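First up is the structure itself, then whatever we jot down about it.
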Amino acid sequence: MGPRSRTTAPSVRASKVAAGSPPLVMVTAYDAPGARMADDAGVDLLLVGDSVAMVVLGYDDTLQVTVDDLAHHTAAVGRTSPRALVVADLPWLSYHLSTDDAVRNAATLIRAGAAAVKLEGGRNRVAVVEALVDAQIPVMGHLGLTPQSVHALGGYRVQGQQADVATALLDDARALAGAGCFAIVLECVPREVARLVTEEVAVPTFGIGAGPDCDGQVLVLHDLLGIEDRIVPKFVRRYASVKADAVAAVAAYGADVRARAFPSDAESYHLSDEVIATLGIAGSAAMGTDATRTA
Ligand code: KIV
């Protein structure tokens, strides 16, 4: 297998028409280690999601993070120079007040290290998407369960289960594609709705809780790794138990420290025999084994 080429917004957009191309893979990344892990694993896109608020920063919703917060995390991801396309979320209120505001805030994320931005909403965001595209900033849309609308939606619920809502969602997707979005995330919508949108719009769809018929899939890295183990949404598949493994590892370290089994002599720095003699002190050999040493 040759070296993996860089994913770009145009290459993601073009994958829709490339017959038989495998689904695209996107995961969230909020810092350099996460970005390196995901990029080494060969994902196509890294999403610096506003889910950082809940997954990393301990907030109860995504409304708490600012453009500066997203820029800080985007910069950490960007510094790893991944082959994957770095997409940064425009946080709540960063694109709702004016299109000028939206372009300026998106530019902050691009300068921090993103190569595209994502925003939530459909026909009501067409003017913003057009302004961003006009400023040469690739935009990803996000429909269905849009967490920045948690209060307006009345909670985190599956969207598009009624015929009129499903039709509106399809109209929103068409509008976003028409305005220039290069891809659209579909979150927590029935499989049938996601398939309809995927068949009807000209740009790739990325599903999260939207079934297997989308052009790509996205998951929160901490969910798939099992770092976040408190809530397990139906659509999450766990591929590791990193939280459990980490708890066991830290507990083992703690037990070793308390039993004086860590650090060992081999894990310690030493003086030369000459300096030991000059100081007139005991060398480590005279201090017994690590387990028996008392001073
Ligand atoms: O912020 C995020 O993690 C997201 C994904 C759920 C698509 O927007």
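All ligand and atom numbering here is 1-based and tracks the order in the structure. As a basis for the values below, the full set of heavy atoms in this structure was taken, side chains included, without hydrogen atoms, waters or symmetry mates. Note that this is a predicted model, so its numbers are computed, not measured. Counting from 1, the numbers follow the sequence of the chain as shown.
Salt bridge absent: D39 and R83 never bring a charged side-chain N and a carboxylate O closer than 4.0 Å. Classification of R174 and E200 as a salt-bridged pair holds, one side-chain N sitting under 4.0 Å from a carboxylate O. Remark: R191 engages D213 in a salt bridge, criterion side-chain N to carboxylate O under 4.0 Å.
Note: an N/O pair closer than 3.5 Å links D89 and ligand 1 by distance alone. Checking only distances, K118 does come within under 3.5 Å of ligand 1, N or O to N or O.
Judged purely by distance below 3.5 Å, without hydrogens or angles, the side chains of H270 and D265 pair a donor atom with an acceptor atom. If you check the side chains of E187 and Y156, you find no donor sitting under 3.5 Å from an acceptor.
Taking every non-hydrogen atom of E187 and a distance limit under 4.0 Å, the qualifying atoms of ligand 1 come out as 6 (C). Atoms of ligand 1 found under 4.0 Å from any heavy atom of H142, numbered from 1 in the order shown, are 8 (O). Distances below 4.0 Å separate heavy atoms of G49 from the following atoms of ligand 1: 1 (O), 2 (C). Residue I208 approaches ligand 1 through these ligand atoms, each under 4.0 Å from one of its heavy atoms: 6 (C).
For D50, heavy-atom contacts with ligand 1 shorter than 4.0 Å involve the backbone as well as the side chain.
Scanning the protein heavy atoms around atom 2 (C) of ligand 1, the nearest turns out to be S51 OG, 3.2 Å.
In the displayed structure, D164 atom CG is contacted under 6.0 Å by more than 12 heavy atoms of other residues, nucleotides or ligands.
Taking all heavy atoms of T28, L47, L186 into account, the minimum distance to atom 7 (C) of ligand 1 is reached by L47.
Between F262 and Y253, the ring-plane angle classifies as perpendicular under the 30° and 60° cut-offs.
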